[in-house]
2 protein chains.
Amino acid sequence: MATIKEVAAKTGLSPTTVSRVINNHPYVDPKKRKLVLTAMEELGYVPNSSARRLRGQRTNTIAVIISRIVNPFFGHLVDAMEKIAAERGYQLILCDSRLEKERELQQLELLKTKQVDGIILASLQNRWKDIEPYTRFGPIISCNEYDSAADMPMIVCDQEYGGYIGTKHLIDRGHKNIAYAGGTDRIELTRDRFAGFKRAMMEAGIPIVDDYLFPSFYGIEDGKNIFHRMYAMENRPTAIFAGGDEVAAGVIQEAKRFHCRVPDDLAVVGFDNQPLADLIDPGITTIDQPTKLMGTRAMEMMVDMIRHNREVTYKKELLPLQLIIREST
Amino acid sequence: MATIKEVAAKTGLSPTTVSRVINNHPYVDPKKRKLVLTAMEELGYVPNSSARRLRGQRTNTIAVIISRIVNPFFGHLVDAMEKIAAERGYQLILCDSRLEKERELQQLELLKTKQVDGIILASLQNRWKDIEPYTRFGPIISCNEYDSAADMPMIVCDQEYGGYIGTKHLIDRGHKNIAYAGGTDRIELTRDRFAGFKRAMMEAGIPIVDDYLFPSFYGIEDGKNIFHRMYAMENRPTAIFAGGDEVAAGVIQEAKRFHCRVPDDLAVVGFDNQPLADLIDPGITTIDQPTKLMGTRAMEMMVDMIRHNREVTYKKELLPLQLIIREST
DNA sequence: CTGAAAGCGCTTACAG
DNA sequence: CTGAAAGCGCTTACAG
């Protein structure tokens, strides 16, 4: 692999001048510039990025941490981020925390070891106090998930409102026995959604039944399990607000298998508005998250922070959430 | 950020010794080792990876190029790869070619500029002659897609067989008017699948109707379009072998909307066996690809090649494909 | 078991 | 407009 020295030798110029050509500096004799360019071409020269990183103290790489890449929601989020990153000349390192705290912390080390210029947290396994120490080493922002105790920029959706409109919709349809599959309390996002659920229920004067509340779940299989737990109840819920479209899809599929009609016997509301929600039968009423917009904004902000050395301070950017009504309610 | 020099200064030892501690070299006085460890701890020292990269000429980073991350097939493939990479201490750079040749070539440059130690091509936009020059700079292997003209290792499935069993299944169900949504000829994988289709048709003595052949398609919307093109025909096909489950899902959804019964009026076979295939109604008969196994094997092989400086030579590892029968046929 | 020195391949003040 | 020199932060022969 040719180095800058070899290019210099071949042209009879100094490495300094070659470097200036590479970096499009002004003040290089046009003839010499051309000479260098030809030599680079002939030698197949390409600058060594490790050397540039070490010298320049930048990596042009950004890490994004998600919790489960097989969740299509994250697929779309990452897609939007990758697009902006590529446009702006940044590489994307994909980190999957697999919902584990330790993995997330290890991935945050990338910033310390100077392997990335910044990190976007699209999921959050650790508390702010454990994440905060890393902010000293470069910009960290959150996108999708958030922690209001955190002193970092966040691009998020109004989850309380999402929880509210989904629940209100079920109430408006005449339901009172409403189950809720909410995710763990550990995550603020799910707490806020649940707060929206509670607000809607309270406004309507409907008591919340503990047995109808299901903890943290993520995939199709979890949806199936939840259905069975509801099905086994004496007093079955007539509706469920699931934590995501995959969970909702699992509920619906199993309901159909057990001849439980959706929405007549069981109404189902999902979350995310994934393509899946429109594909299965009946289509899933769900809360649309502006996934693409979130990813785009987060990456734009990250690049901006890296480029302008912007200070990392609290800033919450709220994006709109919207009820999409289909046949499952 | 503390450097190795500061650790050395603090301990009164040389950077050499500190380096040896960092890298777990033998022959370091246990007391001094402990001394260094404490100093590193106190200073919050972490080795700068750019310096290590430059010095060591390795990056511990692997790029994977896919063509469309929102395709759940790639989501699962990347998931399996990320798992192995993380286990082995490698970072994963995600590159989405978005089906564009130029982007893929630019992503291959990562190897030249020493930003990655190796590249896994999970999709292939360029011909071998355009990819080959990059092999000089590090290991490149393909996974999923392939090019038999290529002199590189490939972890792939027997697509011809996949095309064959899917088609044979439709023929066994009594179909003669079978449409095929095949992808472009540019890609060998799709050519092979199509060859399997043709073999099955020929064996059964069924002529292939040009109007029933649809070119390259990938998503749900494409499936919908294909349905409409078939629906508009005078002599409608009674079955279709779609290029992927998403396409199949689009066909099925639109068929239902137009009261075309699946499988009675139109039988549908997909490809990939994505979770989606089991979720929609009717479930999609499809060809199961061992996605996880492919990703795992590819990453294992890549790490092995990087570690042992294995020569990059042709080697085709064929994984099994399997027909999954559901209600769409 | 330990350290001084060289060098990985760049870029950037500095001097001219 | 150009070049010599220093230095980014490591690691690895080499010598002891």
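By convention in this document, chain letters (A, B, ...) are assigned in the order of the sequence lines, proteins followed by strands, and residues within each chain are numbered from 1.
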Q. Just wondering, more than 12 heavy atoms not from A:K292 lying within 6.0 Å of its NZ?
A. no

Q.
Measure NZ/B:K114 against P/C:dG9 and give the value in whole Å, please.
A. 9 Å

Q: Identify, between B:T17 and B:Q57, the residue whose nearest nucleotide on DNA chain C lies closer to the 5' end.
A: B:T17

**Q.** For DNA chain D, the dot-bracket pattern of Watson-Crick and G-U pairs whose distances stay under 3.5 Å, | for other-strand partners
**A.** |||.||||||||.|||

Q) Starting at NZ of A:K31 and ending at P of D:dT2, how long is that distance when rounded to a whole Å? A) 11 Å

Q: Can you check each nucleotide of nucleotides 11-16 of chain D against protein heavy atoms at under 4.0 Å and return B for base, S for sugar-phosphate only, - for none, in 5' to 3' order?
A: BBB---

Q | Face-on cation placement of A:K114 at A:F137 ring, 6.0 Å and 45° thresholds | A | no

**Q.** Separation of A:S50 OG from A:R55 CZ (nearest 0.5 Å)
**A.** 15.5 Å

Q | Distance in angstrom units between B:Q115 CD and C:dC10 P, rounded | A | 13 Å

Q.
Just the rounded figure in Å: distance from C1' of C:dC10 to CE of A:M40.
A. 14 Å

Q: For C:dG16 versus C:dT12, give the span between their C1' atoms, rounded off to a whole number of Å.
A: 16 Å

Q.
Distance check, P atoms only: D:dT2 and D:dA6, in whole angstrom units.
A. 23 Å

(Q) Just the rounded figure in Å: distance from C1' of D:dA4 to NZ of A:K5. (A) 13 Å

N/O donor to acceptor pairs below 3.5 angstrom from side-chain atoms of residues 61-84 of chain A, sequence neighbours left out:
unit_1	atom_1	unit_2	atom_2	d
A:T61	OG1	A:R53	NH2	3.2
A:T61	OG1	A:T59	O	3.0
A:R68	NH2	A:E246	OE1	2.7
A:N71	OD1	A:F73	N	2.8
A:N71	OD1	A:Q274	NE2	3.2
A:H76	ND1	A:P72	O	3.0
A:D79	OD1	B:R98	NH1	3.0
A:D79	OD1	B:R98	NH2	3.3
A:E82	OE1	B:R98	NE	3.4
A:E82	OE1	B:R98	NH2	2.8
A:E82	OE1	B:R103	NH2	3.4
A:E82	OE2	B:D96	N	3.4

Q) Closest heavy-atom contact between A:L105 and A:N126? A) CG-ND2, 3.6 Å

Q | Distance, rounded to the nearest Å, where B:E6 contributes CD and D:dC8 contributes P | A | 11 Å

Q: Output, in order, the C-alpha distance, side-chain angles, deciding distance and verdict of side chain to side chain donor-acceptor pair (under 3.5 Å) for A:T113 and A:Q115.
A: CA-CA 6 Å; A:T113 57; A:Q115 293 193 65; 3.3 Å; yes

Q | A:T3 vs A:V7 side-chain heavy atoms within contact, under 4.5 Å | A | no

**Q.** Side-chain ion pair, A:K129 and A:E132, N-O less than 4.0 Å
**A.** no

Q) Starting at CG of B:L13 and ending at C1' of C:dT2, how long is that distance when rounded to a whole Å? A) 9 Å

Q) How many Å lie between CG on B:L35 and P on C:dG3, as a whole number? A) 11 Å

(Q) With a 4.0 Å cutoff (strictly under), does any side-chain N or O of A:K32 reach OP1 or OP2 of D:dT2? (A) yes

Q: Determine the contact category for A:V7: base if any of its heavy atoms lies under 4.0 Å from a base atom, sugar-phosphate if only primed atoms, P, OP1 or OP2 are that close, otherwise nothing.
A: nothing

Q. Is the count of non-hydrogen atoms from other residues, nucleotides or ligands lying under 6.0 Å from B:Q106 atom CD greater than 12?
A. no

